[in-house]
Amino acid sequence: MMNTLSARAAERRTPGAPVEGLNSGSLLSVTAVVLLLALATLTVYLTGGTQNAAPHLYYVPIISAAFLIGPGGSIITAIVAGLLCGPWMPLDVESGTAQDLPNWMIRGGGFLLVGIVAALFRRDIDERIRKFRDFALHNPITGLPNRAALEDRLAPRIDKPPDGGQMLALVKVRITRFEEVVSTLGYEQGEKLMRLLSDRLKEAQTKDEPVYNINHGRFAVIAEIGVPEEAVKIARRMLDSVHRPILLDGIPVTVGAHAGIALHPAHGGTAPELLRAVAQATEMAVERNIDCVIFDTEAGEQYRQRLLLLSDIRAAPRTSQMMLHYQPQTRLSDGQCIGAEALLRWCHPTRGMIPPNQFIPLAEATGLISPLTLWVARAAIRQLKLWQDVGIDLPIAINLSARDLDSKTILREIEGLLHSHKVAPGKLTLEVTESAIMQSYHSAVPLLEHMAEIGCAIAIDDFGTGYSSLASLRRLPASILKLDGSFCIDLSADVRQRQIVRSAIGMAHELGLKVLAEGIETEDSLAEMRSLGCDEGQGYLISRPVPEADFRKWLEANGKPPA
């Protein structure tokens with residue numbers, strides 16, 4: 001298949017030539033060689049014949065023919081040159097002296113030798129070009145045609161779409177969890193896995209269409225279909241072949257895979273547009289964790305807007321677009337404010353306020369969350385210093401992501417900020433979701449223990465939505481447990497949920513943890529949480545997150561906490 005593809009690619013590039021991108025055998029090339037021969041012959045004759053050095057000019061058309069026409073062209077040109085500079089060309093034009101037979105035969109033999117050398121040199125160059133092109137059009141690990149080959153194949157098929165109501169489909173499969181294999185078994189086994197997967201994908205093809213390895217762990221096929229469902233069948237057949245376990249180093253290995261589909265002309269009129277559409281569809285399938293996604297124009301525009309948003313996130317902290325809003329946290333027994341959670345807000349210069357659920361997950365997925373976390377920490381600690389100076393004795397809670405727990409850098413920065421602003425560490429609460437802790441358990445626990453040792457409070461956020469349990473909390477240096485807001489919904493009507501919340505609060509108290517309920521939005525929820533023994537709470541019933549100036553007004557209206 002590889003050789004067939006190379007030949008096809010070469011034929012598309014240069015009709016009439018087996019490999020070369022040169023204008024072999026074209027009328028223009030032959031004409032140029034003929035003119036060079038004529039010019040050399042005329043020059044030899046006008047300079048007085050073969051007794052001078054002018055016959056060496058014939059080497060120009062001979063060598064030129066090798067590159068303009070091909071290996072055979074240089075040999076034929078050498079023979080013609082030998083005849084033109086042979087018996088019909090006098091030794092001395094003025095006296096009319098003819099050449100001796102050995103004279104022109106030796107010269108003709110020299111021309112032929114140069115022609116043969118030029119032909120061999122041309123063949124060597126052709127072979128090198130063929131190998132280079134073959135390398136440029138194929139993945140070195142799997143041997144499958146690559147993205148460049150796909151673009152070469154796709155462009156002419158788009159220019160000449162299939163007849164009879166058929167449409168062109170581009171199906172792409174992305175392999176996931178490949179890094180787990182590499183980190184466990186090594187790169188050699190990872191490459192072997194890719195080769196085995198490529199063999200399976202080739203076997204899964206029912207038509208004579210090559211499988212393209214367009215990027216690391218990404219494969220694609222082109223298919224002519226009647227309805228989109230046929231493309232879905234192709235995608236599912238490819239996914240089924242990938243999902244079967246593969247034996248590597250004696251270990252059965254399974255990888256994940258997701259597929260995207262783009263159709264011509266509905267999703268793109270050119271090869272780059274179709275490739276962009278299928279890439280977006282595949283990424284949507286990965287993000288939504290579903291097998292296959294057909295590109296949707298509206299979703300594609302949302303994807304584009306997300307990418308634009310991503311580029312703006314980088315500059316937002318430096319251009320005063322980010323701000324903190326503060327949501328009061330109160331003691332449920334008497335309503336006294338005992339702290340505030342600092343929540344990041346983004347006021348985009350052209351889009352206005354962007355909801356956190358749009359940019360926070362995007363920042364987490366792309367690794368930009370850590371700079372945002374550090375910005376929040378700086379702003380919150382500066383605010384603590386300002387409150388401290390005016391007698392507001394309240395702690396502020398900030399959120400840490402799973403990525404923040406994978407590095408010691410951010411927590412060291414936070415510790416340095418507390419020291420430089422002369423703020424007591426006890427005034428800062430670090431909120432971490434239970435899923436983030438479980439995701440980075442071995443690196444997270446020592447870091448959180450260190451922050452607890454210097455005096456920071458540690459809160460387990462969104463408890464009840466992750467994978468941990470109260471039993472696992474005994475190993476964490478937490479002092480606050482924040483119940484997820486979903487526990488406040490229909491609490492009075494759902495007896496089983498009340499029992500779950502009561503048990504969670506009781507067991508947390510046994511572990512020495514304070515319990516704070518999130519999402520308190522109704523008087524019933526507040527009364528139920530208070531009756532179940534919950535210590536603290538926050539939610540829209542108490543106050544929405546508000547700018548710092550409004551938070552101070554809320555404090556004045558609802559009772560300033562003691563300094």
Side-chain angles (χ1 to χ4, degrees), residues 317 322-345 370 372-401 404-405 408-433 436-437 444 447-461 476-482 512-518 535-538 542-543 545-556 558-563:
M322 296 295 183
M323 63 185 71
L324 289 183
H325 283 194
Y326 299 87
Q327 186 171 34
Q329 298 172 333
T330 63
R331 194 163 50 229
L332 295 187
S333 59
D334 58 9
Q336 185 69 52
C337 183
I338 48 85
E341 181 178 2
L343 297 165
L344 185 61
R345 295 293 183 265
S370 295
L372 293 183
T373 301
L374 193 55
W375 185 92
V376 169
R378 289 196 186 102
I381 292 172
R382 281 197 302 266
Q383 191 60 61
L384 280 170
K385 176 61 176 174
L386 293 174
W387 285 356
Q388 180 178 290
D389 294 342
V390 296
I392 299 177
D393 188 24
L394 286 176
I396 291 179
I398 64 173
N399 292 278
L400 299 180
S401 73
D404 298 331
L405 298 177
K408 299 178 182 179
T409 306
I410 288 182
L411 295 184
R412 284 177 179 169
E413 291 268 6
I414 292 174
E415 186 177 355
L417 288 167
L418 290 168
H419 179 74
S420 63
H421 286 80
K422 295 182 174 57
V423 172
K427 295 303 177 185
L428 185 67
T429 300
L430 304 177
E431 295 190 1
V432 190
T433 64
I437 294 176
L447 294 176
L448 294 176
E449 285 177 344
H450 174 73
M451 298 305 291
E453 286 171 2
I454 68 171
C456 292
I458 307 298
I460 307 302
D461 198 10
L476 302 176
S479 56
I480 302 169
L481 183 70
K482 297 186 71 174
L513 303 175
K514 288 184 179 180
V515 181
L516 187 152
E518 297 180 290
D535 305 296
E536 302 163 357
Q538 69 184 85
I542 300 167
S543 173
V546 292
E548 194 273 339
D550 293 334
F551 178 77
R552 287 205 194 191
K553 292 178 183 178
W554 182 92
L555 277 179
E556 293 172 0
N558 292 273
K560 204 171 188 179

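We use all heavy atoms of the structure for the numbers below, so side chains are in, but hydrogens, waters and symmetry mates are not.
- Note that the OG1 atom of Thr373 and the CG atom of Asn399 stand 8.5 Å from one another [nearest 0.5 Å].
- Side-chain contact between Ser401 and Leu372 is absent, with no heavy-atom pair separated by less than 4.5 Å.
- Annotation: salt bridge (charged side-chain N to carboxylate O under 4.0 Å, His left out) contacts of Arg331 (sequence neighbours excluded): Asp334.
- A donor-acceptor pair shorter than 3.5 Å can be found between the side chains of Gln329 and Gln538.
- With Asp535 contributing its side chain and Leu516 its backbone, the two residues share no donor-acceptor pair below 3.5 Å.
- Looking at Gln388 and His421, their side chains never bring a donor and an acceptor atom within 3.5 Å of each other.
- Considering CD1 of Ile338 and NZ of Lys514, their distance stands at 7.0 Å, rounded to 0.5 Å.
- Within the structure, salt bridge (Lys or Arg N to Asp or Glu O under 4.0 Å) pairs that include any residue of residues 417-427 comprise Asp393-Lys427 (at least two apart or interchain).
- With contacts defined as side-chain heavy-atom distances shorter than 4.5 Å, the pair Gln383/Leu386 qualifies.
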Self-check item: side-chain contact (heavy atoms from CB on, under 4.5 Å) assessment of Asp461 paired with Val432
Solution: CA-CA 5 Å; Asp461 198 10; Val432 190; over 6 Å; no

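- A donor-acceptor contact shorter than 3.5 Å is absent between the side chain of Trp375 and the backbone of Leu344.
- In this structure, Leu447 and Met451 have side chains that are not in contact, with every pair of non-hydrogen atoms separated by 4.5 Å or more.
- A pairwise comparison of heavy atoms in Gly537 and Ile542 identifies O-CD1, 3.6 Å as the closest pair.
- Between Glu431 and Ala397, the shortest heavy-atom distance links the atoms OE2-CB, 3.3 Å.
- The line from CG of Leu411 to CG of Leu400 is 6.0 Å long, rounded to the nearest 0.5 Å.
- Contact of the Leu476 side chain with the Ile458 side chain is not registered, since no non-hydrogen atoms from C-beta on lie closer than 4.5 Å.
- You'll find the side chain of Leu405 reaches within 4.5 Å of the side chain of Leu448, heavy atoms only.
- Shown here are the salt bridge (charged side-chain N to carboxylate O under 4.0 Å, His left out) partners of Arg552, two or more places apart in sequence or in another chain: Glu548.
- A heavy-atom distance below 4.5 Å is not found between the side chains of Ile460 and Leu513.
- Summarising the geometry, atom CD1 belonging to Ile398 is positioned 9.5 Å from atom CG belonging to Leu324; distances are rounded to the nearest 0.5 Å.
- Residues Leu394 and Gly339 come closest through the heavy atom pair CD2-N, 3.6 Å.
- Of the inter-residue distances, the one linking His325 atom NE2 with Ser543 atom OG reads 11.0 Å to the nearest 0.5 angstrom.
- Side-chain contact between Asn558 and Cys337: absent, with no pair of heavy atoms (C-beta onward) separated by less than 4.5 Å.
- Ring geometry for Tyr326 versus Trp387: interplanar angle of 30 to 60°, hence tilted.
- Each of Pro425, Pro395, Ser479 was checked for a side chain to side chain contact (heavy atoms under 4.5 Å, CB included) with Cys456, and the lone residue meeting it is Pro425.
- Side-chain contact check for Asp404 and Ser370: at least one donor-acceptor pair (N or O, by modelled atom type) lies under 3.5 Å.
- With values rounded to the nearest 0.5 angstrom, Ile454 atom CD1 is found 11.5 Å from His419 atom NE2.
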